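Owing to the predicted nature of the structure, the values given are computational and were not obtained by experimental measurement. Numbering of ligands and ligand atoms starts at 1, following listing order.
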Amino acid sequence: MSPITEETMVPKAAAIEGITGRTNSTPLTLEQEKNPWEAQAARFDEAAQRLNLEPGIWKILRQPMREIIVHIPVQMDNGTVEVFTGYRVQHSIARGPGKGGIRYAPDVSLDEVRALASWMTWKCAVVNIPFGGAKGGVICNPRAMSQGELERLTRRYTASLIEFLGPEKDVPAPDMNTNEQTMAWIMDTYSMHTGQTVTSVVTGKPLSLGGSRGRREATGRGVSIVTDEALKYLGLDPVGASVIVQGFGNVGSHSAKLLWDKGYKVIGIAEYDGGLHNANGLDIAQLMEWKATHGSIHGFPGGEAIDAQELLLTACDVLIPAATENVLTSLNAARVQARVLVEGANGPTTPAADNILAEKGVFVVPDILANAGGVTTSYFEWVQDRMGYFWTEQEVNERLERIMVDSFHDVMRYAREHAVQNRIAAYMLALDRVAYTTRQRGIYA
Ligand code: GLU
């Protein structure tokens, strides 16, 4: 083992260019702006520079540790065979096993999974849980696939990755278009391969298979907790504060419901195929029921239909993008009329949009803090599985609340002490922690 003793002085501009390959004078194209990996790298580089990170650590953490590509043959219901491409990227295991969800979507790409994996590293470090960061994705259209096809895809994907997964290696979880059933298949496939039931290999499982109470709502609960903290921090009154949520899936619906429970006025919900608006507030419990029975929010009698993009740019106290990446870009950020932006999704705001929002004085609760409630409760699930002893919902929620509130204030402290935007503050806090452990562990040679 050799300790990391490389240059420790402040890297000069030329040295930084040598690490990042980027010069400040080259503006990004829209395509580059919307590349999640570029977006992640831009924030990471800024945080690294402000921390005066030594070049060796900078170079290590700038790249994922491991990137796995698998091609997955699946027997389809009609008898044909399709081959799907899947990824698992493990960005860092410095602080513990890799951790992060698996998404199924037609537009999954390696750069997206890379970005999501590194965001998991920073997210776990922001909330100070003992995990690294990883993420998986499979290019497929889950809406067009049967349960049987999804099960075979999930099991074969898991089998292809079997040697890289494990409670001490890499622990997947749900993400876009994957759910408790998907996690049950992963748990079962892994267990069949190892000859014993291993519940802690994956989180977000059904309650009956080692899942945790509170996990399903956890990301939304975390979003609602940091929204409250943000409003208190700004001296604003949560009761009656107007909220617009983009996305009404697992994150968006529970965020909206929990805020509505606390007395916020949810005036709009935007979905990928249209939105709903009611200036007096939507009844979120009824809307959840409506979506469960009708499959979409459309036609809900308690609000008026509105164009989703128009809704995103409607005046409100709190805007919560809770769907996907690149929702706020250089093309629309100037028209945002929210006081506070709470990022339920991963990567909804591009770096160019960050600058515009900062100029407008929008207070941003960045994704790696705002949506960390999900992985925090995944950590609780992993702990409970390993103990074989399960907590009450109240215990889970109280522990989550404490971590989210403390983390919010840790990020605010970094923002004040370093005079940086909240997002860069969160990256600096995370990077400080991950760099510290990476340095301590040294380079195995
Ligand atoms: N997919 C969620 C996220 O992006 C949860 C990950 C986890 O629980 O491991 O944070």
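Partners of Glu33 under the side chain to side chain donor-acceptor pair (under 3.5 Å) rule, at least two apart in sequence or in another chain, are Ser330, Thr350.
Salt-bridge formation is detected for the pair Glu325/Arg103: a Lys NZ or Arg NE/NH1/NH2 atom is positioned less than 4.0 Å from an Asp or Glu carboxylate oxygen. A salt bridge links Asp354 to Arg43: one of the charged nitrogens lies within less than 4.0 Å of a carboxylate oxygen. Electrostatic pairing of Glu180 and Lys205 does not count as a salt bridge here, judged by no charged N lying under 4.0 Å from a carboxylate O.
The ring of Phe44 has its center no closer than 6.0 angstrom to the ring center of Tyr427.
Contact shell of ligand 1 (protein heavy atoms, cutoff 4.0 Å): Lys99, Gly100, Gly101, Met120, Lys123, Lys135, Ala173, Pro174, Asp175, Arg215, Asn346, Gly374, Val375, Ser378.
Taking the ring axis of Tyr272 as reference, the NZ or CZ atom of Arg143 stays within 45° of it and closer than 6.0 Å to the ring centre.
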